[in-house]
Structures are given as structure tokens and as C-alpha cells.
Amino acid sequence: MKPAEFVEKYCRWTVYYEGKTVLALFEQKNYDCVLWNNGCSAYEARPVQCRTYPFWDWMIKSEEMWNECAADCPGMNQGPLHSAEEILLQAEEYVQNEPITLEEYNSLNFELL
């Protein structure tokens with residue numbers, strides 16, 4: 001599937017925290033990701049937001065915040081343990097991630113991708 005086709009089928013434009021219009025995946029009616037179907041259908045190519053979850057900087061700042069988020073996510077506090085180093089690396093990757101803005105998207109040449 002070509003990038004423009006993927007965006008048209010699975011994405012929407014939304015206003016981000018700084019007032020920028022950015023690319024985001026659609027959600028299902030229950031707010032699950034549109035690519036979720038008893039597992040991630042794009043697991044090997046999932047975006048930073050998905051790859052680093054739940055080790056986002058604001059989620060790991062306190063035990064209280066972590067537990068509040070875990071109450072809404074049945075996958076948290078399950079599975080293998082992660083080292084503090086791995087968690088901090090994922091949190092930093094999340095912080096460094098910049099969503100694609102509408103302006104950036106419009107300037108892309110999809111024939112080169």
C-alpha cells in the first residue's frame with residue numbers, strides 16, 4: 001500500500017497541543033486503534049507512539065500516574081519486566097517524536113517513497 005493510500009484509509013487530521021494540525025490514526029468506536037484486531041495488524045511497522053507505550057514520559061513520572069493509566073489498560077502491569085534503562089530510552093524516544101504536520105505532509109513527494 002502506498003503512503004498516501006494508507007493515510008486516506010487509516011488516518012485523520014487533528015489539532016495537536018501546540019495548535020498544529022497533525023496526522024493521527026483513526027480510532028474504533030471503543031477508542032481502540034483502527035489497526036487493532038485481536039492484536040496489532042501493523043506490529044512490525046507500528047509508529048513511535050505505539051512502540052513506546054506505556055513508557056511515555058508523563059506516564060512514568062509517578063506511581064500514582066502509572067496506576068491511573070494502568071486502570072484503563074489491561075495490558076499494563078502484565079508480561080515481562082523491563083529495565084529502567086529500557087524504560088527511560090523508550091520515554092526519550094516518545095519525547096523526541098514529532099508528529100507529521102499537514103504542512104509537512106503536503107510537501108512530501110510520494111512518488112519518491
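For reference, positions follow the sequence shown, starting with 1. What you are looking at is a predicted structure, and each value in this text was computed from that prediction instead of being measured.
- Note: the hydrophobic cluster containing L88 also contains W58 (ILVMFWY, side chain heavy atoms under 4.5 Å, direct or indirect links).
- How far CG of L23 is from OG1 of T14: 10.0 Å, rounded to the nearest 0.5 Å.
- Follow the hydrophobic side-chain contacts under 4.5 Å out from I60 and you reach Y94 in the same cluster.
- E104 is not listed as a side-chain neighbour of K20, based on a closest heavy-atom distance of 4.5 Å or more.
- Under the 3.5 Å distance criterion, the side-chain polar atoms of Q96 are left unmatched by any main-chain donor or acceptor of E93.
- At distances below 3.5 Å, at least one donor-acceptor pair connects side-chain atoms of S41 with backbone N or O atoms of L35.
- Relative orientation of the W66 and F55 rings is parallel, given thresholds of 30° and 60° on the angle between their planes.
- Here CH2 of W56 is found 12.0 Å from CE of M65. Values are rounded to the nearest 0.5 Å.
- Rounding to the nearest 0.5 angstrom, the gap separating the CH2 atom in W13 from the CG atom in L102 is 5.0 Å.
- Between the side chain of Q28 and the backbone N or O of N37 there is no donor-acceptor pair closer than 3.5 Å.
- For the atom pair I100 CD1 and S107 OG, the distance stands at 10.0 Å (nearest 0.5 Å).
- For the pair M59/M76, a side-chain contact is recorded, criterion being any heavy-atom separation below 4.5 Å from C-beta on.
- Residues P74 and D72 come closest through the heavy atom pair CD-O, 3.8 Å.
- The closest side-chain heavy-atom distance from C33 to Y10 is not below 4.5 Å.
- Put simply, the side chain of F6 reaches to within 4.5 Å of the side chain of L25, judged on heavy atoms.
- Looking only at distances, no side-chain donor or acceptor of Q90 sits under 3.5 Å from a matching main-chain atom of I87.
- Taking 4.5 Å as the limit, every side-chain heavy atom of F26 sits out of range of all side-chain heavy atoms of C11.
- Formation of a donor-acceptor pair under 3.5 Å by the R12 side chain with backbone atoms of A24 is not found in this model.
- A single hydrophobic cluster is seen to contain both M1 and V34, as judged by linkage of ILVMFWY side chains at heavy-atom distances under 4.5 Å, directly or through other members.
- When atom types are taken as modelled, the side chain of S83 and the backbone of E86 share a donor-acceptor pair closer than 3.5 angstrom.
- Remark: N97 CG to Q49 CD distance equals 8.0 Å, nearest 0.5 Å.
- To the nearest 0.5 Å, atoms SG (C69) and OH (Y53) are separated by 6.0 Å.
- The environment of CD in E63 is sparse: at most 12 heavy-atom neighbours from other residues, nucleotides or ligands sit within 6.0 Å.
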